[in-house]
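The residues of the chain are indexed from 1 along the displayed sequence. Model, not experiment: these values are computed from the prediction.
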Amino acid sequence: MSEVIEHSKDLQLDVDSIRGDFPALKSKVYDRTLVYLDNAATTQKPRAVIDRIVRFYEAENSNVHRGVHRLSQLATDAYEGVRQSVRRFINAGDPREIIFTRGTTDAINVVAAGFGRHLQAGDEIVVSEMEHHSNIVPWQMVAERAGASLKVVPVTDAGELAIEEYRRLLSDRTSIVALCHTSNALGTQNPAKELVRIAHDRGIPVLLDAAQALPHGPVDVADLGCDFLCFSGHKMFGPTGTGVLYGKLDQLESLPPYQGGGDMIDEVSFSGTTYDELPHRLEAGTPNVAGIVGLGAAIEYLEGIGPEAIREYESELTRYAMKCVGSIDGVTIVGTAPDKAPVISFVVDGVHAYDGGSVLDRLGIAVRTGHHCTQPLMKRFGIPGTIRASFAFYNTFSEVDALVEGIAKVRQVFRNG
């Protein structure tokens, strides 16, 4: 371990200092210091995000847009400033391409509902076996209404997309491709740029679910070339109930309003309504202003650390964790793609995932158990679920060691039982 730790120091990421920014990491669980390894479900929040939300409610709280009083102007400036921050963070070309949502699920539903208006019987939507339910169910719903169908890209034994099968699935009837950038259950980082290029060669638009990508390194929509990209604030150290839909302007213009109400209109009369311009046309109602302001603080925090430094450190941590966990007798890692985010899903021989996770919890180690909202993927591997340890840049090599010791305890408990 010492050699890997020394290399991580060369990456100039001061993890001890970073951990001091996160109050929750000081928590005690059953009189043990918390080892938080459930970051793929949600991340902890730095003090900078917490303080920014408090400051908003204490000094800036107001509804946004059209208010002439000072507080409304402050709230609007803060809210719209985050739109510019998101644009810069993902290298979008125009702030109108940034739509604020309640999260990745909400963002995908905005696109699915829009495309659903244009689908016809016989049209096809391409997804993959590794998708989160939020990138399956919305497409099923609109396909069922239109008489369209889902085509599913299979996953290899290592947990990678079968690229040649993906090519074969695309056809003249394919209306859209909707794939995850990074798997929440396996950690597989898909070749997103190549997937987009293959679809674009046939004139097919692509949506990427990037909820598990933004926390772990740079994501550049201009380089990827995708038509839509969705992510959640709470996965990237920001508040829950916040998210972003990025879309190319022409693609967003083609989407009808997802919801009707305040702030998305130009003029309303009983004889008809005209709608506002982007981005407001797709943002009906009072937004989660405080949450979006908190998301802006999270982006500033990530930029301060550096997405490249985060990716390099987490790559070292993931390699170490894969080696340590993979060497434990009776443990099988599910998802062994060479290009992985810091997610390790595994099963322990003879132990139900829930039972194993419960033992780890008593040791102060927080992991996720079950199917991780990827039931089709679990069925593909012939298992009901896994134990999933997912890391962030505030996790340490010693916490990986604690996980390994905890898994040994799991095996001991159930072997003796």
Side-chain angles (χ1 to χ4, degrees), residues 40 43 49 78-108 110-111 132 134-135 177-184 189-197 199-200 205-239 241-253 255 278-280 282-283 287-288 291-312 314 341 392-393:
T43 52
V49 170
Y79 181 79
E80 292 300 331
V82 177
R83 202 183 305 276
Q84 287 284 5
S85 296
V86 173
R87 182 206 62 75
R88 181 186 66 247
F89 191 62
I90 63 173
N91 195 29
D94 191 309
R96 293 175 296 169
E97 296 176 323
I98 307 302
I99 309 298
F100 290 130
T101 68
R102 293 173 297 167
T104 304
T105 299
D106 191 35
I108 294 171
V110 172
V111 180
H132 189 282
S134 63
N135 203 28
V177 168
L179 299 172
C180 62
H181 180 294
T182 302
S183 167
N184 72 300
Q189 293 181 314
N190 289 316
K193 186 175 180 178
E194 180 185 4
L195 296 172
V196 171
R197 180 187 57 77
H200 281 182
V206 179
L207 175 144
L208 294 177
D209 169 1
Q212 298 293 337
L214 269 292
H216 304 299
V219 173
D220 184 329
V221 294
D223 181 60
L224 290 171
C226 56
D227 300 273
F228 302 101
L229 184 130
C230 311
F231 60 93
S232 297
H234 75 102
K235 306 283 190 185
M236 50 184 292
F237 315 97
T242 63
V244 170
L245 166 63
Y246 157 80
K248 293 179 178 177
L249 274 178
D250 61 334
Q251 292 288 357
L252 291 175
E253 291 284 6
L255 297 180
L278 289 172
H280 308 298
L282 294 175
E283 294 180 355
N288 180 3
I292 295 300
V293 169
L295 173 60
I299 289 173
E300 289 180 10
Y301 184 84
L302 289 171
E303 288 177 326
I305 296 173
E308 279 290 354
I310 290 170
R311 179 164 63 184
E312 290 179 17
E314 290 181 347
F393 54 81

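The CG atom of N135 sits 9.5 Å away from the OG1 atom of T104 when rounded to the nearest 0.5 Å. Once rounded to the nearest 0.5 Å, the distance linking CZ of F393 with CD of E314 reads 7.5 Å. Between the CG atom of D223 and the CD1 atom of I90 there is a distance of 13.0 Å, given to the nearest 0.5 Å. Atom OG1 of residue T101 and atom CG of residue L282 lie 11.0 Å apart, to the nearest 0.5 angstrom. Rounding to the nearest 0.5 Å gives a distance of 7.0 Å between CD of E283 and NE2 of H280. Within the model, atoms NZ of K235 and CD of Q212 stand 5.0 Å from one another, a figure rounded to the nearest 0.5 Å.
The minimum heavy-atom distance between V177 and A199, with the atom names listed, is CG2-CB, 4.2 Å. The nearest pair of heavy atoms linking P205 to Q251 is CB-NE2, 3.8 Å. The two residues A78 and V293 come nearest to each other via the heavy atoms CB-CG2, 3.9 Å. Residues T242 and I292 come closest through the heavy atom pair CG2-N, 3.8 Å. Scanning all heavy atoms of the two residues, the minimum distance from A92 to I98 falls at CB-CD1, 4.1 Å. A213 approaches T182 most closely through the heavy-atom pair CB-OG1, 3.8 Å.
F228 has its side chain within reach of L245: a pair of non-hydrogen atoms, C-beta onward, lies under 4.5 Å apart. Residues V86 and F100 have side chains in contact (heavy-atom distance under 4.5 Å, counting atoms from C-beta outward). No side-chain heavy atom of N190 sits under 4.5 Å from any side-chain heavy atom of L179. Looking at heavy atoms from C-beta onward, D209 lies out of side-chain contact with N184 at the 4.5 angstrom threshold. A 4.5 Å side-chain heavy-atom check between H132 and C180 finds every atom pair outside the cut-off. Between L214 and F89 the shortest side-chain heavy-atom distance falls below 4.5 Å. Contact check for M236 versus L302: side-chain heavy atoms found under the 4.5 Å cut-off.
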What do the steps show when you test V110 against I99 for side-chain contact (heavy atoms from CB on, under 4.5 Å), and what is the final call? CA-CA 10 Å; V110 172; I99 309 298; 5.8 Å; no
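For the pair D227 (side chain) and V206 (backbone), a donor-acceptor distance under 3.5 Å is present. Checked by atom type and distance alone, the side chain of T43 pairs as donor or acceptor with a backbone atom of F237 at under 3.5 Å.
Remark: R96 engages D94 in a salt bridge, criterion side-chain N to carboxylate O under 4.0 Å.
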